[in-house]
Every structure is written in C-alpha cells, then in structure tokens.
Amino acid sequence: IGFASDHVLRVLDGLDFLEGRRDEDLLSARLRVPPDLRQDQRWQPTPDGWKLEQCSSRLIDGLAYEIHHDAPIADLLRGCNGQTRFGDIIANFPTEPGATAEDVRRRCLSIARMLLSHGVLLPGG
C-alpha cells in the first residue's frame with residue numbers, strides 16, 4: 001500500500017469500530033483526530049466584523065483527504081481530543097433556528113460516523 005498505508009489502516013479501524021455500535025456507544029466514546037489533520041479557515045471582513053468564509057480540514061499524509069465544512073464541524077473536530085466523551089462535546093452545541101437538541105445530536109452522530117469511516121476521526125484515546 002505504500003505511503004497511504006497508515007490512512008488505509010485508520011479507515012479500516014474506524015469501520016471496525018463502527019461495526020454494531022449504537023448511538024449510545026458512540027456518545028460515550030472518546031474520539032480523537034489523527035496527528036496529521038490540519039484545519040484551514042479563511043475569514044473576510046464585513047461591516048459587522050469578520051465572517052468565516054470557508055473552513056476545511058485535510059489530512060496531510062496518506063491519501064491527503066480533504067473536507068470542506070462549517071464552523072460547528074470545525075469545533076466538533078477540535079473537541080475530539082481522545083479524553084472527552086463525544087456526547088459531552090456535542091452537549092452544548094448551538095442549535096440552528098427551528099432545530100431541536102435531538103436534531104443536533106443526530107447530525108453530530110451522522111458526521112462522526114462519516115469522519116470515522118474516512119479516517120478523519122479515530123476511536124479511543
């Protein structure tokens with residue numbers, strides 16, 4: 001597999017971790033980001049102050065996977081330090097107008113599953 005082997009192994013570990021896990025299991029997990037994950041943000045000035053224009057996270061090694069996302073996902077990734085339970089990270093996430101705490105929980109769980117399956121989040125501390 002060569003240079004991408006570590007990333008491929010992370011993807012397989014993430015898929016193994018997700019196998020048969022319920023939402024409650026994922027909420028109690030202590031997820032972490034790989035050491036080669038980098039986050040980039042581009043801000044633009046507005047009359048009311050600075051506004052986030054673009055946010056992305058990318059793996060600089062292996063397959064150089066990159067995702068473009070919003071600020072809450074950036075916050076979610078920064079919270080995944082391998083020590084804090086995932087449920088605690090998302091407990092105080094802001095809700096969008098018209099969204100409930102359950103909507104936020106479901107969205108965060110879905111995002112975590114996707115990121116684990118792509119090697120951007122890792123199980124365990």
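- Atom CZ of R58 sits about 11.0 Å away from atom CD of Q39, to the nearest 0.5 Å.
- C55 contributes atom SG, which lies 4.0 Å from atom NE2 of H69 (distance to the nearest 0.5 angstrom).
- Side-chain atoms of D16 never come within 3.5 Å of backbone atoms of D13 as a donor-acceptor pair (strictly under, hydrogens ignored).
- A distance of 10.5 Å separates CG of L37 from CD of E66, quoted to the nearest 0.5 Å.
- Using a cutoff of 4.0 Å between basic side-chain nitrogens and carboxylate oxygens, R113 and D23 are scored as salt-bridged.
- Residues F93 and P72 approach most closely at CE2-O, 3.3 Å, considering heavy atoms.
- Salt bridge status for D36 with R10: present, with a side-chain N to carboxylate O gap under 4.0 Å.
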(request) Walk me through it: do L31 and I89 pass the test side chain to side chain contact (heavy atoms under 4.5 Å, CB included)? (result) CA-CA 10 Å; L31 305 176; I89 293 168; over 6 Å; no
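- One distance of note links CH2 of W43 with NZ of K51; it measures 11.0 Å at 0.5 Å rounding.
- In the model, H118 has a side-chain atom that pairs as donor or acceptor with a side-chain atom of Y65 under 3.5 Å.
- Across every non-hydrogen atom of S56 and H68, the tightest pair is CB-ND1, 3.7 Å.
- Checking side-chain atoms of R30 against main-chain N and O of G82 turns up no donor-acceptor pair under 3.5 Å.
- The distance from atom SG of C80 to atom CG of D75, rounded to the nearest 0.5 Å, is 11.0 Å.
- With sequence neighbours excluded, no residue forms a side chain to side chain donor-acceptor pair (under 3.5 Å) with S28.
- Just one residue in the list I111, V11, L26 forms a side-chain contact (heavy atoms from CB on, under 4.5 Å) with L116, and that residue is L26.
- Of all the heavy atoms in G20 and D25, the pair that sits closest is O-OD2, 4.3 Å.
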(request) Let me see the working for L122 and F17 under side chain to side chain contact (heavy atoms under 4.5 Å, CB included), right down to the final yes or no. (result) CA-CA 9 Å; L122 307 173; F17 176 79; over 6 Å; no
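- Under the 4.5 Å side-chain heavy-atom criterion for ILVMFWY residues, a single connected hydrophobic cluster contains both L109 and M114.
- Around atom CD of Q44, more than 12 heavy atoms belonging to other residues, nucleotides or ligands sit under 6.0 Å away.
- Side chain of D70 to backbone of I73: a donor-acceptor contact under 3.5 angstrom is found.
- One finds the CG atom of L115 at 10.5 Å from the SG atom of C108 (value rounded to the nearest 0.5 Å).
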(request) Decide yes or no on side chain to side chain contact (heavy atoms under 4.5 Å, CB included) for R107 and I90, but give the supporting numbers first. (result) CA-CA 10 Å; R107 179 173 184 242; I90 66 172; over 6 Å; no
